[in-house]
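Reading through the C-alpha cells given below for one structure.
Lettering follows sequence order; numbering is per chain, from 1.
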2 protein chains.
Amino acid sequence: MTLHQINPNVSVDCAIFSFDQGALEVLLIERHAGNSEIKDDLMALPGNLIYEDETLDEAANRVLSELTGLTNIFLEQVYTFGNPNRISKQKDLDWLRAIRASPEARVITVAYTSLVKKENFKIQPSSFAKKAVWVKVKDVPHLAFDHNEILDKALDYLKHKIYLEPLGYELLPDKFTLAQLQKLYEAILEDSFDKRNFRRKILRTEFIVKLDEKQQGVAHKPAGLYRFDKSRFHKI
Amino acid sequence: MTLHQINPNVSVDCAIFSFDQGALEVLLIERHAGNSEIKDDLMALPGNLIYEDETLDEAANRVLSELTGLTNIFLEQVYTFGNPNRISKQKDLDWLRAIRASPEARVITVAYTSLVKKENFKIQPSSFAKKAVWVKVKDVPHLAFDHNEILDKALDYLKHKIYLEPLGYELLPDKFTLAQLQKLYEAILEDSFDKRNFRRKILRTEFIVKLDEKQQGVAHKPAGLYRFDKSRFHKI
DNA sequence: TCAAAAGTGTTCAAAATACACCCATGT
DNA sequence: ACATGGGTGTATTTTGAACACTTTTGA
C-alpha cells in the first residue's frame, strides 16, 4: 500500500446507470463525514479528488470502487465542469470542511459514465459513502454540488451514444426479451416506438440472436429470449 | 486591471480550425520564453493555465485571445486530458521551467475547439506566443506536450458534430459556392461525395439560399453563390 | 374464459445511391 | 477552339413510419 498524493484541484464524478423494471436508475451515495455530527442529507454521485500519479480514467475507477465497491467498470469521460462556484451550497461547504484537507480549494471535476447490469454487482459502500443506492432517474432528488447538472449531461451523452452503438446490452441480463430492449431504448431516449418497427430494425442488425428459450411463468404468451452476439458486432 | 490567481493544475488548450483552398487548417503558436536562450522549436496549440476566478469556458477565451488575438470565438469543450506524464518531453520540461511559477506541477488540460473564417480575424500573437500561424491539418508537425492527441480528438469531435449541425458555414465566407461547401465536408469527413447527391441533400435543408450573384473572373462557367440563412435554421 | 403481453406484414413516403452529359467562361 | 469546373435528372434500392389482429400462457 503506497502513499498517494492528492491533487486538491481536480476530482472525478461517476454517473453509473442501470436498468430495472422499465426504468433507468443511477447510483447515488449518501455522504457522511466520519467523526462529525454535521447533518448531511444531500445525496451525490460517487466522486472524489484524484491522486497525482494516476490518469483520470484510473481515478474514476478507483473512486467508484472505493465508494461503492463496483470494480472493473468501463468508464467513459463525458464532460468537465469547472465553474468557480460550483461549490457554493452551505451544506457542501460544511461537508467539505469536515472531510477535506483543503476544503476551500477550487475543484474542477471530470464526469465519467458507465452502464452496468446491477445484478452482477454487489454494492459495498465505504469511505465517506454511508450508503450507495440505485435511484430511478425520474426520482433523483436535489443533489450535492452541481451533480444534477452532471447527471443531465451524462444522460445526454447516453442519448447520443445509443445512436452510434448498441448500448442496451450493457444494461440488460445476458438473455432478454425484445420488449425489455425496447423499454430500455424508450427510457434512454425518452420516446416511444412502434413495436413492429422496433423489432424489425433491431433484428436487421444481426447482433441480436434468438435463443431456443422462452420466458417462464408469465401469465401471458411467453416471450422469446435473445442475446447480444459480440463477435458479430465487432465484425463491423 | 485586477490580479488573478493562477491554478497551477488546470489548463485549457484550443484547437481552432479554418478552411482555405480546400484544406482544413489549425491555428498553432510558436512558443518562446521571454528572457531565456532555450531553443524551443516545438509548435503548440494555444493554451495556458486557468485563473481561479474564471470558468473553463472563460479561461479558454481569455487564453486564446492572449496568445493569438482572436476574440469572441464560440468555443466548445471537447475532452479533458489528464495523463500524469503528458508532460514528459525534455523540451516541454525546459520550456515550462522557463515560464511557469510551478513548472513541475501536474497539469490536466481541458481541450476546446472552434471554427472560424480566417479572413475575419487578424492574428496578433503575444504573451509567450512568438508567432501564431495557420497550418494545414495534413502538415501539422510533432507538437508540444500531447497536443497531437488533442488535435486528433478535436477533429473527431468535428466529424461527429457535422452530422448534427450544419457547421460548414462557420468556416466559409458569407457567400460561398456549393463546390466550396462540398470540399469542406470532404475535408472534415475525409471522404468524397457525388456532386449531384451532395447538392440535392444540401438544398433540401433550405438553410442554404441561392443569391443572385455569381463568381467573377474564373476561367470556367461561374458558380452561383449561396449563403447560410441562420433564421431558417433556428426555426428547427 | 379472460386478461395480458407476444408476435407478425403490408403499404406508402422519404432518403440514399449510382450514374453522364451539356454549359458558360477566360485564355 | 479548348480547357476548366458548373450545373442538372432519373431510376433503383433502402429506410422509416403508420397501422390491427391472432396467439399463447397462467389465473
Between P of D/dG7 and CD1 of B/I202, the distance in whole Å: 14 Å
Taking only distance into account, with no hydrogens and no angle test, what donor-acceptor pairs under 3.5 Å do side-chain atoms of residues 118-131 of chain A form with protein atoms, sequence neighbours excluded?
residue	atom	partner	partner atom	Å
A/K118	NZ	A/D20	OD2	3.1
A/K118	NZ	A/E25	OE1	2.8
A/S126	OG	A/E66	O	2.7

Integer-rounded Å distance: C/dG9 C1' and A/R199 CZ: 13 Å
Length of the CG-C1' vector between A/N197 and C/dT10, whole Å: 11 Å
Protein-nucleotide distance (B/Q216, atom CD; D/dG6, atom P), rounded to Å: 16 Å
Report all side-chain donor-acceptor pairs from residues 175-190 of chain A shorter than 3.5 Å, counting only partners two or more places apart or in another chain.
residue	atom	partner	partner atom	Å
A/K175	NZ	A/E213	OE1	2.8
A/K175	NZ	A/E213	OE2	3.3
A/T177	OG1	A/A179	N	3.4
A/T177	OG1	A/Q180	N	3.1
A/Q180	OE1	A/T177	N	2.9
A/Q182	NE2	A/E186	OE2	3.1
A/Q182	NE2	A/F193	O	2.9
A/E186	OE2	A/F193	N	2.9
A/E190	OE1	A/K159	NZ	2.6
A/E190	OE2	A/K138	NZ	3.3

Nucleotide D/dA17, atom P - distance to CZ of A/F193 in whole Å: 9 Å
Show each protein N/O and nucleotides 12-16 of chain C N/O combination with a separation under 3.5 Å, one pair to a line.
residue	atom	partner	partner atom	Å
C/dA16	OP2	B/R204	NH2	2.7

Whether B/F145 and B/H147 hold their rings parallel, tilted or perpendicular, with breakpoints at 30° and 60°: tilted
Rounded distance in Å - OH (A/Y226) to P (C/dA6): 11 Å
Residues 216-228 of chain A side chain polar contacts: donor-acceptor under 3.5 Å, at least two apart:
none

Contacts under 3.5 Å, N or O only, protein and nucleotides 2-5 of chain D:
residue	atom	partner	partner atom	Å
D/dT4	O2	B/A219	O	3.3

Residue whose closest nucleotide on DNA chain D lies nearer the 5' end, A/G217 versus A/D194: A/D194
With sequence neighbours excluded, residues passing side chain to side chain donor-acceptor pair (under 3.5 Å) with A/K117: A/D174
Whole-Å gap separating P (C/dC23) and NZ (B/K214): 14 Å
Distance-only donor-acceptor test, A/R196 side-chain atoms vs C/dA6 base atoms, 3.5 Å: no
Whole angstrom value for the distance that separates P of C/dA24 from CG of B/L225: 17 Å
Sequence-distant partners of B/H160, side chain to side chain donor-acceptor pair (under 3.5 Å), two or more places apart: none
Indicate every side-chain donor-acceptor pair of residues 202-210 of chain B with a distance under 3.5 Å to a residue at least two apart or in another chain.
residue	atom	partner	partner atom	Å
B/T205	OG1	B/I202	O	2.7
B/T205	OG1	B/F207	N	3.4

Side-chain donor/acceptor of B/T109 to backbone N/O of B/S11, under 3.5 Å: yes
Pairing residues for B/E54 by the side chain to side chain contact (heavy atoms under 4.5 Å, CB included) criterion, not counting sequence neighbours: B/I50, B/Y51, B/E58, B/A59, B/R62
